[in-house]
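Naming: A, B, ... by sequence-line order, numbering from 1 per chain.
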Number of protein chains: 2
Amino acid sequence: MAKTVEQIANDLNLSVTTVRLVLNGKAEQYRISAKTQARINQHVELYGYTLNHSARSLKLNKTDTLGLIVPNISNVFFATLAEKLELRCRRSGYQLTISCTYNDVDYENKLVRALIDRNVDGLFIVPSTLENQQHHLRQVKKPLVLLDRDFKYTDNALVESHNVEGGQRLTENLLAAGASPVWFLVGDTALPSIRDRLEGYLNALKKHGIEHRDWVLSVNENTPEGGKLIMNQLLDAHGAPDAFIASSLPMLEGAIEALRDRLGEVPQQINIGTFDEHPMLGFLANNVWSMQQDENAWAEQAFDIMQNALDGHPLKETIKVKMKLIKRTRRA
Amino acid sequence: MAKTVEQIANDLNLSVTTVRLVLNGKAEQYRISAKTQARINQHVELYGYTLNHSARSLKLNKTDTLGLIVPNISNVFFATLAEKLELRCRRSGYQLTISCTYNDVDYENKLVRALIDRNVDGLFIVPSTLENQQHHLRQVKKPLVLLDRDFKYTDNALVESHNVEGGQRLTENLLAAGASPVWFLVGDTALPSIRDRLEGYLNALKKHGIEHRDWVLSVNENTPEGGKLIMNQLLDAHGAPDAFIASSLPMLEGAIEALRDRLGEVPQQINIGTFDEHPMLGFLANNVWSMQQDENAWAEQAFDIMQNALDGHPLKETIKVKMKLIKRTRRA
DNA sequence: GTGAAAGCGCTAACAT
DNA sequence: ATGTTAGCGCTTTCAC
């Protein structure tokens with residue numbers, strides 16, 4: 001397949017420079033004779049030419065590769081984000097390499113090192129903890145775009161959803177539906193995004209003159225197990241709820257499981273709110289409001305910032321992407 | 001951060017060879033003096049050393065990188081497979097780069113070219129069509145492991161689930177539950193995996209002395225839209241079913257949507273079978289049987305084959321991984 | 001026990 | 001308009 005520039009040059013008794021110029025479309029600019037161009041093009045047509053990225057990388061000290069580090073991609077949100085980002089990167093000639101941390105703090109640091117060692121040109125990271133974030137900021141001397149979690153203590157560029165506003169809007173819609181209380185099942189307030197959603201929830205309550213901070217039930221893991229635990233507590237203390245919001249899909253999964261385990265079914269009149277959209281939310285017979293994150297917008301914004309940084313214009317902005325409410329109403 | 005081998009050698013007035021030998025743990029083998037070793041180790045301790053992968057790749061004509069091409073990763077099965085495969089590859093020092101085709105036939109070919117151009121050492125591919133498969137077999141001169149879809153016309157190594165057996169077992173379990181007919185909603189029989197599931201279904205019927213081929217309803221896209229269309233047809237012709245099997249999760253999503261749209265709810269007594277497992281299947285109030293694919297086993301097997309091929313022992317086997325049945329029973 | 005040097009294929013600076 | 005060359009950092013072969 002291959003054929004190197006030098007081989008082509010030799011075959012045609014030309015210099016590498018000449019061949020390179022036409023290969024790179026600079027033929028006109030350097031006024032390579034039409035005849036030479038034709039000879040080269042024909043040769044390439046015949047034997048092909050594929051640029052050797054390793055050689056190019058060695059020379060230019062860049063790989064035209066970007067890294068993405070997320071907790072996992074079996075989570076639809078991160079999976080979709082990865083898809084959009086990969087597409088956006090490829091559109092500009094970058095290969096994106098995706099890696100998952102599985103929320104393992106040490107493994108995350110190792111991943112960063114592995115990608116830096118492979119000389120990626122820049123890195124998109126969803127850090128697991130503040131410590132991880134600080135570690136990365138120290139280690140990574142390349143363009144870095146933080147995603148999803150604003151742990152503060154840095155002015156590095158960051159893209160996230162507008163969780164406060166989203167949380168508020170979601171809550172207001174559930175409040176408007178009438179059922180009360182609207183419990184808020186919150187997993188892991190160590191995560192800024194979760195904290196912001198909670199803040200939005202409280203804002204909405206306050207706006208409606210409600211001050212029931214005891215409607216908030218929290219646990220310290222953002223997982224199905226956490227959701228199950230907390231829903232069981234709720235059932236113990238108050239029986240079946242009329243309405244609740246889960247701070248994320250994994251929490252919701254656990255909460256629903258608890259309801260089925262304890263009540264034998266998920267009472268259809270419960271109004272449910274959740275963050276992150278998924279087609280299977282339609283499997284619930286209930287009214288379901290889901291606050292969707294806009295992965296496409298994230299990808300565009302994050303890549304823009306990266307592009308600028310690669311061009312030597314590092315930006316320090318925090319972008320908050322608007323969320324979108326999806327309503328599923330059950331038939332009366 | 002960096003420091004090259006040559007820099008270290010210069011700093012210590014040694015030759016690159018000596019430095020390399022201790023860096024690569026061949027110190028004992030070549031009996032480098034303890035003193036020299038100490039000096040080198042100390043220097044590295046102090047200033048660090050990171051191997052330049054680009055230079056190494058250029059010299060050795062390999063990148064220690066493998067490629068994975070799947071339809072998309074917003075599909076949990078492929079996402080999980082990608083996760084497991086990435087872990088397995090990293091464990092052996094390979095970086096995995098994941099790309100999605102979105103079922104775009106041309107884009108898929110471009111992706112293969114892009115990865116080959118970047119000189120990946122080998123490729124795992126879920127081909128979209130037979131034509132794609134043949135294209136890849138022609139283009140890819142490197143180790144290639146096909147995944148998920150046995151389009152035949154090749155003896156290339158391939159890893160897939162044992163869909164026939166899985167389909168049969170799933171069907172038998174639904175038949176045993178008593179409800180009848182057990183409809184089979186099948187999307188896109190152009191996909192070998194789907195065809196095998198159907199075959200398993202028919203085997204089960206036959207085994208039970210049932211010959212109702214008209215229980216099979218098919219459409220030509222394996223999507224929510226396909227599932228919706230087909231369930232609507234079923235509702236038109238026979239009313240609400242007592243039991244059905246969906247050939248994949250996307251199909252099930254559409255089928256459930258149709259039920260809700262038409263009946264206002266998903267009748268709880270319907271027994272549902274599906275392929276691929278997902279926690280949110282628990283959102284259905286129904287009995288749900290799901291036939292789960294074992295991504296971990298796929299990853300292990302696929303990597304093994306790849307490893308062998310990279311070591312110069314190309315294998316031509318087709319591996320069929322056993323599936324696992326998950327049962328969700330509703331409370332009476 | 002340690003050293004020297006060629007060469008992987010590309011780019012960019014400098015010739016003509 | 002086209003040619004020459006150095007060098008990116010590594011590996012490998014050969015030499016003392």
On DNA chain D, more 5' by nearest nucleotide between V16(A) and I32(A) is I32(A)

Determine the minimum heavy-atom distance between E160(B) and D150(B), stating which atoms define it. OE1-CB, 3.9 Å

Out of dG1(C), dT2(D), dA12(C), which has the shortest distance to the side chain of L21(A)? dT2(D)

If you compare every side-chain N and O of Y49(B) against the phosphate oxygens of dC10(D) (OP1, OP2), does one of them come in below 4.0 Å? yes

Write down the distance between CG (L12(B)) and C1' (dT2(C)), rounded to a whole number of angstrom. 14 Å

Quick one: D11(A) CG to dG9(C) C1', roughly how many Å, whole number? 15 Å

Protein-nucleotide distance (E28(B), atom CD; dG1(C), atom P), rounded to Å: 11 Å

For the pair made of CZ in R118(A) and C1' in dC10(D), what is the distance, rounded to whole Å? 15 Å

L51(A) has a side chain; which of dT2(C), dC10(D), dT11(C) sits nearest to it? dT11(C)

Euclidean distance, atom CG of residue N61(A) to atom P of dG9(C) [Å, nearest integer]: 20 Å

Write down the distance between CD (E6(A)) and C1' (dG3(D)), rounded to a whole number of angstrom. 13 Å

Without swapping roles, check the side chain of Q133(B) against the backbone of K152(B) for a donor-acceptor pair under 3.5 Å. yes

Phosphate-side-chain proximity, R20(B) and dC10(D), N/O vs OP1/OP2 below 4.0 Å: no

Measure CG/N10(A) against P/dT5(D) and give the value in whole Å, please. 13 Å

Only one of Q301(A), E83(A), E300(A), Q307(A) passes side-chain hydrogen bond (donor to acceptor under 3.5 Å, both in side chains) with R88(A), and that residue is E300(A)

Would you mind reporting whether Q293(B) and V321(B) have side-chain heavy atoms less than 4.5 Å apart? no

So does R56(B) get a side-chain nitrogen or oxygen closer than 4.0 Å to the phosphate oxygens (OP1/OP2) of dT11(D)? yes

Residue whose closest nucleotide on DNA chain C lies nearer the 5' end, T18(B) versus L60(B): T18(B)

Out of dT2(C), dG9(C), dT11(D), which nucleotide sits closest to the side chain of K59(A)? dG9(C)

Nucleotide of dG9(D), dC10(C), dT2(C) approaching T36(B) most closely (side-chain heavy atoms): dT2(C)

Are any non-hydrogen side-chain atoms of M306(B) and C89(B) less than 4.5 angstrom apart? no

Heavy atoms under 4.0 Å, any strand shown: does S54(A) hit a base, just sugar-phosphate, or nothing? nothing

Side-chain donor/acceptor contact of T17(A) with base of dT4(D) under 3.5 Å: yes

Report the nucleotide, chosen from dT11(D), dT2(C), dT4(D), that has the shortest atom-to-atom distance to any side-chain atom of Y30(B). dT2(C)

Side chain of L58(A), heavy atoms from C-beta onward: which of dC8(D), dT4(D), dT2(D) has the nearest atom to it? dC8(D)

If the cut-off is 4.0 Å, is S15(B) near the phosphate of dG3(C), judged by side-chain N/O to OP1 or OP2? yes

Check the surroundings of atom NZ in K316(A): do more than 12 heavy atoms from other residues, nucleotides or ligands lie under 6.0 Å from it? no

Separation of N13(B) atom CG from dT2(C) atom P, in whole Å? 13 Å

